[in-house]
A.B. asks: 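Submitted below is the structure of interest, expressed as structure tokens.
Keep in mind it's a predicted model, so treat the numbers as computed, not measured. Only this structure's heavy atoms are used, side chains among them; waters, hydrogens and symmetry mates stay out. The chain is numbered in sequence order, starting from 1.
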Amino acid sequence: MVIFVARHLFQPIDPGTPRPLRFEFDGAEITARRNDTVLAAVLASRERCGVNEFDGGGRAGFCLMGSCQECTMWDEDGRRLRGCMTEAREGLRLRSRPHCGSD
Ligand code: FES
């Protein structure tokens, strides 16, 4: 029996599509296609976009339409954004947790 386990949550429809945009998420480089949301780009390269503050489990978005806040991220200026509603742009610097001043 063969069991297929996806390496990442989001799988591109066309894996050959160029990913020319680069941005940073928790210090790691993420690549994105034009018109990708930040959440789609992050979940194409990892399983989580954050940690649930109540139970420590992973967050990976839920509604994908700006309602649930499960894709909340912070930019380098401390602004909170929804990854599913934010278009990936070259040079973004995002975090899965708010900046606490010591890091
Ligand atoms: S996934 Fe629900 S607000 Fe982004």
A.B. asks: Test of understanding: with side-chain contact (heavy atoms from CB on, under 4.5 Å), list the residues that count as partners of Asp26, not counting sequence neighbours.
C.D. replies: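 For Asp26 the side-chain contact (heavy atoms from CB on, under 4.5 Å) partners, ignoring immediate neighbours, are Arg46, Arg95, Ser96.
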A.B. asks: Which residues pass the salt bridge (Lys or Arg N to Asp or Glu O under 4.0 Å) test with Arg97, not counting sequence neighbours?
C.D. replies: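 Applying salt bridge (Lys or Arg N to Asp or Glu O under 4.0 Å) to Arg97 gives none.
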A.B. asks: Measure the shortest side-chain to side-chain distance between Leu81 and Trp74 over non-hydrogen atoms and say whether it is less than 4.5 angstrom.
C.D. replies: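 Side chain of Leu81 against side chain of Trp74, heavy atoms only: no contact under 4.5 Å found.
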A.B. asks: Can you list every pair that meets salt bridge (Lys or Arg N to Asp or Glu O under 4.0 Å) and has a residue in residues 81-92, with sequence neighbours left out?
C.D. replies: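 Output for this query is empty, none listed.
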A.B. asks: Partners of Arg79 by side chain to side chain donor-acceptor pair (under 3.5 Å), sequence neighbours excluded?
C.D. replies: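 Partners of Arg79 under the side chain to side chain donor-acceptor pair (under 3.5 Å) test: Asp75, Asp77.
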A.B. asks: Determine whether Met73 and Val42 satisfy the following criterion, side chain to side chain contact (heavy atoms under 4.5 Å, CB included), listing intermediate values before the conclusion.
C.D. replies: CA-CA 11 Å; Met73 301 174 184; Val42 168; 4.3 Å; yes
A.B. asks: Looking at every heavy atom in both Phe25 and Cys49, which two are closest together, and how far apart are they?
C.D. replies: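 In this case the closest contact between Phe25 and Cys49 is CZ-O, 3.2 Å.
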A.B. asks: Taking C-beta and beyond as the side chain, do Met85 and Thr37 meet within less than 4.5 Å on heavy atoms?
C.D. replies: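 No, their side chains stay 4.5 Å or more apart.
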A.B. asks: Might you point out which heavy atoms bring Ile30 and Ser45 nearest each other, and give the distance in Å?
C.D. replies: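 It is CD1-OG, 3.2 Å.
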A.B. asks: Starting from the C-alpha separation in whole Å, work towards a yes-or-no answer on side chain to side chain contact (heavy atoms under 4.5 Å, CB included) for Glu24 and Leu92.
C.D. replies: CA-CA 6 Å; Glu24 185 181 300; Leu92 282 173; over 6 Å; no
A.B. asks: Would you find a donor on one side and an acceptor on the other, under 3.5 Å apart, between the side chain of Arg19 and the backbone of Thr31?
C.D. replies: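 Yes, because the side chain of Arg19 sits within donor-acceptor range (under 3.5 Å) of the backbone of Thr31.
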A.B. asks: Under 4.5 Å between any side-chain heavy atoms of Asp36 and Leu21, yes or no?
C.D. replies: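 A side-chain contact is absent here, since even the closest heavy-atom pair is not under 4.5 Å.
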A.B. asks: Would you mind writing out the side-chain donor-acceptor pairs for residues 60-71 within the sub-3.5 Å range, not counting sequence neighbours?
C.D. replies:
none

A.B. asks: Taking all non-hydrogen atoms of both residues into account, name the closest pair between Thr17 and Arg33 and its distance.
C.D. replies: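 Between these two residues, the closest heavy atoms are CG2-CD, 3.4 Å.
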A.B. asks: Could I get the full list of salt bridge (Lys or Arg N to Asp or Glu O under 4.0 Å) partners for Asp55, not counting sequence neighbours?
C.D. replies: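 Asp55: no salt bridge (Lys or Arg N to Asp or Glu O under 4.0 Å) contacts found.
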A.B. asks: What distance separates Glu76 CD from Leu94 CG, expressed to the nearest 0.5 Å?
C.D. replies: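 CG of Leu94 is found 8.5 Å from CD of Glu76.
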